[in-house]
Number of protein chains: 2
Amino acid sequence: MELGSSRSDLAERGIAENGGRIVRRPLQEEVAARLRDLITQGTIPAGARINEVVLGAQLGVSRTPLREAVRMLAGEGLVELVPARGAVVRKLSAKDMFDSLVVLKSMEELAGRLACAKASAQGIEEVSALHRAMLEHYVQRERLAYFKLNQAIHSAIVALSDNATLAWTHEVIQARMKHIRFIGNAGSEKWAGAVEEHEEMIRALQARDGNRLAAALGLHLDRTFTRVKALL
Amino acid sequence: MELGSSRSDLAERGIAENGGRIVRRPLQEEVAARLRDLITQGTIPAGARINEVVLGAQLGVSRTPLREAVRMLAGEGLVELVPARGAVVRKLSAKDMFDSLVVLKSMEELAGRLACAKASAQGIEEVSALHRAMLEHYVQRERLAYFKLNQAIHSAIVALSDNATLAWTHEVIQARMKHIRFIGNAGSEKWAGAVEEHEEMIRALQARDGNRLAAALGLHLDRTFTRVKALL
DNA sequence: ATTCGTGATACTGTATGCAGTATGTAAGCG
DNA sequence: CGCTTACATACTGCATACAGTATCACGAAT
């Protein structure tokens with residue numbers, strides 16, 4: 001059985017195009033990306049062992065690139081390596097979740113201030129566009145698309161801060177929590193509240209009011225914790 | 001030629017003891033740890049390509065565990081993977097350095113506040129003990145030992161915050177800058193200033209004054225940037 | 001002389017094979 | 001009937017072999 005994307009071969013995975021330039025993507029990186037998706041979607045649940053031979057067969061790759069992909073995820077903290085027992089998907093306790101959100105909050109507050117100070121008008125407009133697109137998916141009740149744009153907006157704001165380290169760190173921590181936030185988004189009726197918080201974020205950003213944006217982001221993440229903690 | 005530690009075999013690397021319990025450490029992890037050291041010490045300089053066969057020979061391991069170790073470091077952001085050209089040690093620009101210190105500052109400020117609120121008296125005493133030991137190495141002018149304890153103190157304060165995510169993030173970012181701070185420590189005559197800043201940090205911690213500790217840490221990192229930026 | 005092309009070389013990416021260890025199962029013993 | 005132990009199985013850890021690609025050197029042509 002093939003897992004993940006349906007399109008099987010080179011056109012999608014091994015070779016892609018980027019501005020006319022052919023970029024060759026090693027299998028390991030493709031596998032790593034696929035694994036990240038499988039983990040956030042819950043196809044590989046938290047705590048599950050990763051069986052190299054069966055997963056390799058499902059993905060259609062040999063053990064070597066799969067192992068190397070797993071090592072990357074281990075470096076990012078998405079999986080844990082247990083000696084002689086392979087890798088298991090990292091399981092977040094409620095405290096882990098809380099701790100991560102505390103850090104994320106601190107980082108987004110920092111990012112918000114920096115973004116208001118440094119972002120270009122075009123950059124702000126792009127985030128606003130993402131927001132409008134997200135609203136569209138919200139009214140259409142398209143959960144997956146909404147979720148992805150939601151994450152993208154947070155990443156985009158962080159990107160506006162023009163701080164690569166901040167962006168990278170934020171991305172990794174966000175990735176660890178993606179699964180819980182993904183399922184958390186599922187049945188939640190607090191959806192409307194989250195959207196309203198996003199509205200305020202965008203307004204603050206457009207006003208280039210760093211403190212206000214930081215406050216909005218902080219509040220949003222506090223509320224995120226209450227929205228999500230029930231799932232643990 | 002053997003690189004790194006002198007003691008060659010099992011006693012040191014493959015098998016160690018931990019509270020009477022034998023812990024088996026995979027080669028890859030040992031190699032990863034060794035690589036981190038080689039990078040911070042500058043034995044493998046920033047920007048250098050990692051030749052798998054020669055480095056593997058030097059470390060006395062085959063390419064497989066070496067490659068997997070490199071993948072872990074890639075996940076941590078210490079090396080970059082270039083398709084078909086292997087891995088190169090990540091090179092930090094002055095901006096990267098600045099960005100990282102901004103993030104580190106924000107995180108240590110957060111950690112300082114949390115530590116003052118949550119740390120046990122014993123934990124505080126342990127950090128104080130580290131500080132006293134560091135002072136000892138300072139008066140003895142033992143640079144390497146001083147450097148290691150310096151880093152350890154920062155990590156220990158972060159550890160007192162009892163936030164695993166914060167600790168992990170801090171560790172990774174600190175690891176990326178270790179080399180520059182290592183050489184930066186070399187000839188610096190601003191050494192005394194750094195020590196004084198540490199004194200204030202410890203006093204604030206012992207007083208459990210979160211704002212004061214955050215301020216001390218922030219100032220220390222600001223000064224660190226001025227101490228280090230000349231090296232870029 | 002310089003530039004472009006061509007071939008050799010060396011290194012990375014991937015697959016596979018082998019050895020060692022953990023785990024589950026079944027049989028023997030209390 | 002429960003517990004221990006021994007064995008079989010399956011999976012990980014590591015090494016090696018092979019294929020594909022980038023790089024460098026050398027030579028030819030302009």
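Fair warning: this is a prediction, and the values are worked out from it, not measured in the lab.
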K.L.:
Considering only D/dG13, D/dC11, C/dG13, which nucleotide approaches the side chain of A/R49 most closely?
P.N.:
D/dC11

K.L.:
Going by an N to O cut-off under 4.0 Å, is there a salt bridge joining B/K95 and A/D162?
P.N.:
yes

K.L.:
Do B/R132 and B/E125 meet the salt-bridge criterion of a basic N to acidic O distance under 4.0 Å?
P.N.:
yes

K.L.:
Take the protein atom CD of A/E52 and the nucleotide atom P of D/dC14, then report the distance between them rounded to whole Å.
P.N.:
11 Å

K.L.:
When you measure from the centre of the six-membered ring of B/W168, is the NZ or CZ of A/R176 under 6.0 Å away and within 45° of the axis?
P.N.:
yes

K.L.:
Once each nucleotide of nucleotides 16-21 of chain C is scored for protein heavy atoms under 4.0 Å, what B/S/- sequence comes out, 5' to 3'?
P.N.:
BB---S

K.L.:
Take the protein atom CD of A/E29 and the nucleotide atom P of C/dG13, then report the distance between them rounded to whole Å.
P.N.:
9 Å

K.L.:
Give a yes/no on whether any side-chain N or O of A/R67 is located under 4.0 angstrom from OP1 or OP2 of D/dA15.
P.N.:
no

K.L.:
Over all strands shown, is A/Q28 touching base, sugar-phosphate only, or nothing at heavy-atom distances under 4.0 angstrom?
P.N.:
sugar-phosphate

K.L.:
Rounding to a whole Å, what distance do you find between A/L59:CG and C/dT14:P?
P.N.:
13 Å

K.L.:
Regarding B/I50, tell me which of base, sugar-phosphate or nothing describes its non-hydrogen contacts under 4.0 Å with the strands shown.
P.N.:
sugar-phosphate

K.L.:
Would you say the rings of A/H170 and A/H154 are close, in the sense that their centroids are separated by under 6.0 Å?
P.N.:
no

K.L.:
Quick one: are B/R71 and B/L81 in side-chain contact, heavy atoms under 4.5 Å?
P.N.:
yes

K.L.:
Heavy atoms only, 4.0 Å cut-off, all strands: where does B/V54 land among base, sugar-phosphate and nothing?
P.N.:
nothing

K.L.:
Touch check for B/V82, heavy atoms < 4.0 angstrom, all strands: base, sugar-phosphate only, or nothing?
P.N.:
sugar-phosphate

K.L.:
A/R85 CZ to C/dG24 C1': how many Å, rounded?
P.N.:
13 Å

K.L.:
Using atom CZ of B/R71 as one end and atom P of D/dG13 as the other, report the distance to the nearest whole Å.
P.N.:
17 Å

K.L.:
Round to the nearest Å and state the distance from B/E68 atom CD to C/dG13 atom P.
P.N.:
14 Å

K.L.:
Salt bridge between B/E76 and B/R36, side-chain N to carboxylate O under 4.0 Å?
P.N.:
yes

